[in-house]
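See structure below.
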Amino acid sequence: MNEPQAAAAPEAAGHNPFTPLAVDGVFGTRTTQAMQWKLGVAANGVFGTGTKEALQHHLGVPVDGDIGPVTIRALQRHVGVAQDGFWGPK
């Protein structure tokens, strides 16, 4: 977990300061920060090992820091889209 540190806003504080997000199809820094805030990790915009592990824990899949088909399917199920295990367009 060698991600740069930034202040994490506690979810109990209410509104996610990194939203609303533009629906642009890009999983960029601001999207990562919004997700990190929701997961309760440092909102530094880096989709590194700590963020990946926090996401896996949140989704209830094995925590290994690897975003593979199992994690992707769980994320797809969580957001309500088709579960094909692939990240991005085909």
Side-chain angles (χ1 to χ4, degrees):
M1 290 198 258
N2 51 359
E3 299 174 33
Q5 296 301 303
E11 189 169 341
H15 176 73
N16 186 327
F18 302 103
T19 59
L21 296 170
V23 179
D24 59 7
V26 176
F27 197 94
T29 301
R30 192 152 178 91
T31 303
T32 301
Q33 288 173 312
M35 179 182 64
Q36 289 170 322
W37 186 89
K38 177 72 176 164
L39 294 172
V41 299
N44 59 21
V46 176
F47 194 55
T49 303
T51 299
K52 292 173 186 176
E53 290 175 350
L55 176 62
Q56 290 174 319
H57 178 75
H58 180 79
L59 295 172
V61 298
V63 177
D64 61 7
D66 181 35
I67 302 298
V70 171
T71 302
I72 294 169
R73 278 191 198 93
L75 181 58
Q76 290 168 329
R77 182 173 40 256
H78 184 76
V79 299
V81 298
Q83 300 167 40
D84 62 8
F86 292 97
W87 187 279
K90 293 179 191 157

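In what follows, residues are counted from 1 in the order of the sequence shown. In this text, all values refer to a predicted model and were calculated from it rather than measured experimentally.
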Applying side-chain contact (heavy atoms from CB on, under 4.5 Å) to I72 and F86, what does each step give before you reach the verdict?
CA-CA 7 Å; I72 294 169; F86 292 97; 5.8 Å; no
Stepwise side-chain contact (heavy atoms from CB on, under 4.5 Å) check, L39 with L55:
CA-CA 7 Å; L39 294 172; L55 176 62; 4.0 Å; yes
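With contacts defined as side-chain heavy-atom distances shorter than 4.5 Å, the pair F47/M35 qualifies.
Residues V23 and F18 are members of separate hydrophobic clusters, defined by side-chain heavy-atom contacts under 4.5 angstrom among Ile, Leu, Val, Met, Phe, Trp and Tyr.
If you take CG on D84 and CZ on R73, they are separated by 8.0 Å, rounding to the nearest 0.5 Å. Between the NE2 atom in H78 and the NE2 atom in H58 there is a gap of 4.0 Å [rounded to 0.5 Å]. From N16, atom CG reaches atom CH2 of W37 across 5.0 Å, with rounding to the nearest 0.5 Å. Expressed to the nearest 0.5 Å, how far CD1 of I67 lies from CG of L59 amounts to 8.0 Å.
When all heavy atoms of Q56 and T71 are compared, the pair lying nearest together is NE2-OG1, 3.0 Å. When every heavy atom of L21 is checked against every heavy atom of A34, the shortest pair comes out as CD1-CB, 4.1 Å. For P62 against V70, the heavy-atom pair with the smallest separation is CD-CG1, 4.3 Å. Closest approach of Q76 and Q83 over heavy atoms only: OE1-CA, 3.3 Å.
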